[in-house]
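Proteins get letters first, then strands, A, B, ... in listed order; numbering begins at 1 in each.
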Amino acid sequence: DSGVTQTPKHLITATGQRVTLRCSPRSGDLSVYWYQQSLDQGLQFLIQYYNGEERAKGNILERFSAQQFPDLHSELNLSSLELGDSALYFCASSTPSAGTGELFFGEGSRLTVL
Amino acid sequence: AQSVAQPEDQVNVAEGNPLTVKCTYSVSGNPYLFWYVQYPNRGLQFLLKYITGDNLVKGSYGFEAEFNKSQTSFHLKKPSALVSDSALYFCAVRDPYSGAGSYQLTFGKGTKLSVIP
């Protein structure tokens, strides 16, 4: 158990809909990272938040957005969903004191868009 | 921008034999390198990392990795494979010059390891 909690584990929805994925980082970790894992694209970094502020942005679509709340949990919002958004979405956290920055991953949220 | 290549989509090895999963990287400056493992329907688990120092890094579950700067490689190895090692393995690199507190990793495509009884 990594200590990172993601909900829901599975989500099935239709094209055009909007969903919210939730992540609670490990106790004490200030950074949250979102990754998308798909068969054709592999693991793609989407976005990072550090203590409530956006720190880095990767290949995140404009239809997607995220935020980190004062209690450090994070939400990834996916809107106007398309079939190609079907993927496994991972949240990871890290602690600055680690220095070298290994990430600790949650179990992921599997999104299926029909 | 940094990148990671895992040239083999799949590696098959017999139980008890040594295994190697290959990884090459491209990054400006000295790299921070990582290996993660993913079991079916699970998240990624950290195995080991190279930051500096000894080129042979030991990690979890008997795995080790050899850093070779001249070949820009970071191959994962284990002397004797177990059936339970069968999983998806990811090599990753972090840009050492990324901003403070910014530890996003760039992952390779992954290599599926199958250990045959």
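Not less than 6.0 angstrom separates the ring centroid of B/Phe107 from the ring centroid of A/Phe45.
Neither the backbone nor the side chain of B/Gln45 comes within less than 4.5 Å of any heavy atom in chain A. Using a 4.5 Å cut-off between heavy atoms, B/Leu47 makes no contact with chain A at all.
Other residues, nucleotides and ligands place more than 12 heavy atoms under 6.0 Å from the NZ atom of B/Lys109. Other residues, nucleotides and ligands contribute over 12 non-hydrogen atoms within 6.0 Å of the CG atom of A/Leu83. More than 12 heavy-atom neighbours from other residues, nucleotides or ligands sit within 6.0 angstrom of CD on B/Gln10.
A donor-acceptor pair under 3.5 Å is absent between the side-chain atoms of A/Tyr33 and the main chain of B/Leu105, judged by distance alone. A side-chain donor-acceptor contact under 3.5 Å links B/Tyr36 to the backbone of A/Leu103.
Residues A/Leu43 and B/Thr106 fail the side-chain proximity criterion, which asks for heavy atoms closer than 4.5 Å. The shortest side-chain heavy-atom distance between A/Gln37 and B/Leu88 falls under the 4.5 Å cut-off.
The hydrophobic cluster containing A/Leu46 does not contain A/Tyr35, counting ILVMFWY residues as joined when their side-chain heavy atoms lie under 4.5 angstrom apart, directly or transitively. Clustering ILVMFWY residues whenever any of their side-chain heavy atoms sit less than 4.5 angstrom apart, transitively, puts A/Ile47 in the very cluster that holds A/Val19. At a threshold of 4.5 Å between side-chain heavy atoms, the hydrophobic network of Ile, Leu, Val, Met, Phe, Trp and Tyr places A/Leu61 and A/Tyr49 in one connected group. Cluster annotation: B/Phe90 and B/Ile51 are assigned to the same hydrophobic cluster (Ile/Leu/Val/Met/Phe/Trp/Tyr, side-chain heavy-atom contacts under 4.5 Å, transitive). B/Leu48 and A/Phe104 fall into different hydrophobic clusters, where Ile, Leu, Val, Met, Phe, Trp and Tyr side chains are chained together by heavy-atom contacts under 4.5 Å.
Using non-hydrogen atoms only and a strict 4.5 Å limit, no part of residues 56-73 of chain B faces chain A.
Of all heavy-atom pairs spanning A/Glu107 and B/Asn41, the tightest one is OE1-O, 4.2 Å. Minimum interatomic distance between A/Phe90 and B/Arg42 (heavy atoms only, all atoms of both residues): CZ-O, 3.8 Å.
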